[in-house]
There are 2 protein chains.
Amino acid sequence: MKKNVSLKDIANQVGVSVSLVSYVLNGHEKKMRVGEEIARQIKATAERLHYRPNQIAKSLKSKKSQTIGLIVGEIHYRFTTGIVRAIELEAKKNGYTVVIGNSHEDLGSLHELIHVLINRQVDGLIIVAAENAESEIEYLKKKEIPFVLIDRNFPSVESNFIGIDNYRIAYRAVEYLIRQGCRRIAFVNYDTTFFHLKERSRGYLEALKGQEPLLREIRKPFYEQDVAAAVRELTSPGVGCDAIFFATDTLAITGLKNLISLRVNIPEDVAFMSFDEAEAFALFQVPVTHYRQPLEEIGVSAVGMLLEEIQDGKEDGRDVKPKKWRQLYLDSTLVAGKSCRE
Amino acid sequence: MKKNVSLKDIANQVGVSVSLVSYVLNGHEKKMRVGEEIARQIKATAERLHYRPNQIAKSLKSKKSQTIGLIVGEIHYRFTTGIVRAIELEAKKNGYTVVIGNSHEDLGSLHELIHVLINRQVDGLIIVAAENAESEIEYLKKKEIPFVLIDRNFPSVESNFIGIDNYRIAYRAVEYLIRQGCRRIAFVNYDTTFFHLKERSRGYLEALKGQEPLLREIRKPFYEQDVAAAVRELTSPGVGCDAIFFATDTLAITGLKNLISLRVNIPEDVAFMSFDEAEAFALFQVPVTHYRQPLEEIGVSAVGMLLEEIQDGKEDGRDVKPKKWRQLYLDSTLVAGKSCRE
DNA sequence: TAGGTTTGCTTAAACGTTTGAGTAGAGCAC
DNA sequence: GTGCTCTACTCAAACGTTTAAGCAAACCTA
């Protein structure tokens, strides 16, 4: 790799000190009363040698890397791909680069990623937390590292958070199914400690208003077989289930595959509803009714909130003003298809 | 953000010089004959203060960031999501972090990303190039920056490359369709200057062995309307087309949506084949026949080749040995479904 | 012409780390 | 007691940048 051009190289060529070059190239020539001719020469030489400042050296000096870390649960989730672009764009607008880390939903990986990113001096973190990540969040708070959680939060740990109101959306979804004439509505969710998923179950249960629930909980590591079993059971005669509501896109797709192979007619035999959107829905013969998260908005707001957080940290005059944590709950919109007998 | 613990902090606590702490924590205590008791104290203090080396400072000194840049065409492509995980894992195994950049298939963005990443001192780049990126590649070569292209290469620019043999796979796909009894096979590809896509058309045309081709070229910015038109035309009576082969996953999905809404029976009326895999195929009533790229292998090999490249650059004793560029062509495997009357 | 101000630059320290060179003191040979 | 070799450290420079402080020369004032 060829040596990069440094301020020193320019300084030598022009015959001035490194500092002067730095002043000029940072636009401080007025303030520093640099001679016009010299300034011109410095700029021309920088141009000619294709000078690009070394960000590493800059960061070392400024203690700011102009980088934000984004830790996602899994890179191929629709939530992830939808949000990454918004975050990158918004970050770039503000002069920041995004480093993406993938936790694969694993707490250990999350722990390691947080440290790797901190050691690389990211200025802040946007995190889609893994299950049981409370202590990691506490750590960030203790170290006063700017961060924003998205999608998933923890009721026992106050923090910045942007996501949707899972309870309300699940509640409204069930109301919608009832309005469509469904009488025996099942809900397929993971067996999980994730608060955001439990909120979805809570919304479902409350909206049933005393009806006997049909809640099926799927073990994540065995979700394919568990979903298959749940769908088979729910659609078997005698159960009387006339609608299945899936708590995530992965569950919905797996459920739909099983419904297809069981030759269940949607929506005639059973109505189908998904909490999340999925690309794959496009190829199903019936437009699938689902909710759509405002991914773009979540991403943009997360960057905004994080940058404010970073700003706050800087002007921190060691006055111990009590920390204000902010939560932003956005709304999902219903995309009404034809899978719930509309 | 709380100040991080530095070597100096440890040195002060223990009452030794910064150098000694550095030696000990880097495992050079034997070579440097550090006293046992002191070494123990240094390690204990580092542990107690939760010392984490500042990677930025390390990088500045070593000129190595232990980071590789990955530039992808679009984050939500299946190719991308499939490859990212393999690359991240393999990189981590070797002590490297991956920074992902998204060019959105735009040459300008690619140009900027390359520079941003170089300024952040990535040790090398893995690139899914945008269209007409020849000059960017030449630039990397001139600057002697280690890089590996994946998925897409340029016949006019020699470089390291890992991908599949697009010509051969397209050729074999058409042979397969012929073996399935298809007589009038259409190929839907982008209207593009991309070599890898043109190779697919070439494979298709050659395999027809003189039959009159039914090649339809889609304008990328208008692909939805163009695919709709092409599918409508190809399935209209009189054309006699009995198989449509789509050159990419996006084209295939869009094509399939249109075939569905035109109520074309697959494979009875028309056989359907896709060059690439897509998640969405799972929800189509007929298992879709397609080829599957060895994404994992491409990712792993790309990291391997890049690290060798980085290694070479280091021991570069300024002996001008001629650069050897390497190309690795892997095979796609046929995933035979039922969409081609098997 | 002495004193002060302005102009236009340079010096030096700092960020946190690495690493070759330097050195004080102990031990030993002769 | 002189010279040598170990041992166990410290010093200092360097990576590329920023920025406060310093300073010589020119210019101005009275």
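Within every chain, numbering begins at 1; the chains are lettered A, B, ... in the order of the sequence lines, protein sequences first and strands thereafter.
- Among the heavy atoms of the strands, none lies under 4.0 Å from B/Asn4.
- A salt bridge between B/Glu37 and B/Arg40 is present, with a side-chain N of the basic residue lying under 4.0 Å from a carboxylate O of the acidic one.
- Under 4.0 angstrom from either OP1 or OP2 of C/dG16 there lies at least one side-chain N or O belonging to A/Lys63.
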- Message: Determine whether B/Thr97 and A/Arg120 satisfy the following criterion, side chain to side chain donor-acceptor pair (under 3.5 Å), listing intermediate values before the conclusion.
- Response: CA-CA 10 Å; B/Thr97 309; A/Arg120 287 182 186 272; 2.9 Å; yes

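- A/Phe154 has its ring centre no less than 6.0 Å from the ring centre of A/Trp325.
- Using a 4.0 Å cut-off between charged side-chain N and carboxylate O, A/Lys3 and A/Asp9 make a salt bridge.
- Rounded to an integer number of Å, the gap from B/His28 NE2 to C/dT18 P is 8 Å.
- Checking C/dT18, C/dG16, D/dT17 against the side-chain heavy atoms of A/Leu60 singles out C/dG16 as nearest.
- Nearest-nucleotide positions on DNA chain D for A/Leu7 and B/Val16 put B/Val16 closer to the 5' end.
- As a whole-Å value, the separation of B/Lys61 NZ from D/dC15 C1' is 6 Å.
- Contact check of residues 37-50 of chain B against DNA chain D (heavy atom, cut-off under 4.0 Å) returns B/Ile38.
- The heavy-atom pair separating B/Gln66 from B/Gly95 by the smallest distance is NE2-O, 3.1 Å.
- Using a cut-off of 4.0 Å between Lys/Arg side-chain N and Asp/Glu carboxylate O, B/Arg85 and B/Glu88 are scored as not salt-bridged.
- The nearest whole Å value for the distance from the CD1 atom in A/Ile56 to the P atom in D/dT18 is 14 Å.
- The separation between A/Lys8 atom NZ and D/dT17 atom C1' is 12 Å, rounded to whole Å.
- Atom-to-atom, CG of A/Asn54 to P of D/dC15 comes out at 12 Å; the value is rounded to the nearest Å.
- For the OP1/OP2 pair of C/dT18 and a distance below 4.0 Å, the side-chain nitrogens and oxygens of B/Ser22 include at least one atom meeting the criterion.
- Looking at A/Arg326 and A/Glu308, a side-chain N of the basic residue comes within less than 4.0 Å of a carboxylate O on the acidic one, giving a salt bridge.
- What separates NZ of A/Lys58 from C1' of C/dC15 is a distance of 15 Å, to the nearest Å.
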Considering only nitrogen or oxygen atoms on both sides, find all protein atoms under 3.5 Å from nucleotides 21-28 of chain D and state each distance.
none

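- Across all strands, B/Ser6 comes closer than 4.0 Å only to sugar-phosphate atoms, never to a base (heavy-atom distances).
- Distances shorter than 4.0 Å separate none of the side-chain N or O atoms of B/Ser19 from OP1 or OP2 on D/dT10.
- Electrostatic pairing of A/Lys43 and A/Glu29 counts as a salt bridge here, judged by a charged N lying under 4.0 Å from a carboxylate O.
- Of the residues listed (B/Glu105, B/Glu134, B/Glu131), the one engaging B/Arg152 in a salt bridge (charged side-chain N to carboxylate O under 4.0 Å, His left out) is B/Glu105, and it is the only one.
- Taking the six-membered ring wherever Trp is involved, the centroid distance between the rings of A/Tyr139 and A/His115 falls below 6.0 Å.
- When rounded to the nearest whole Å, the span between CD of A/Gln55 and C1' of D/dT18 equals 13 Å.
- Following rounding to the nearest Å, A/Leu20 (CG) and D/dA20 (P) show an atom-to-atom distance of 15 Å.
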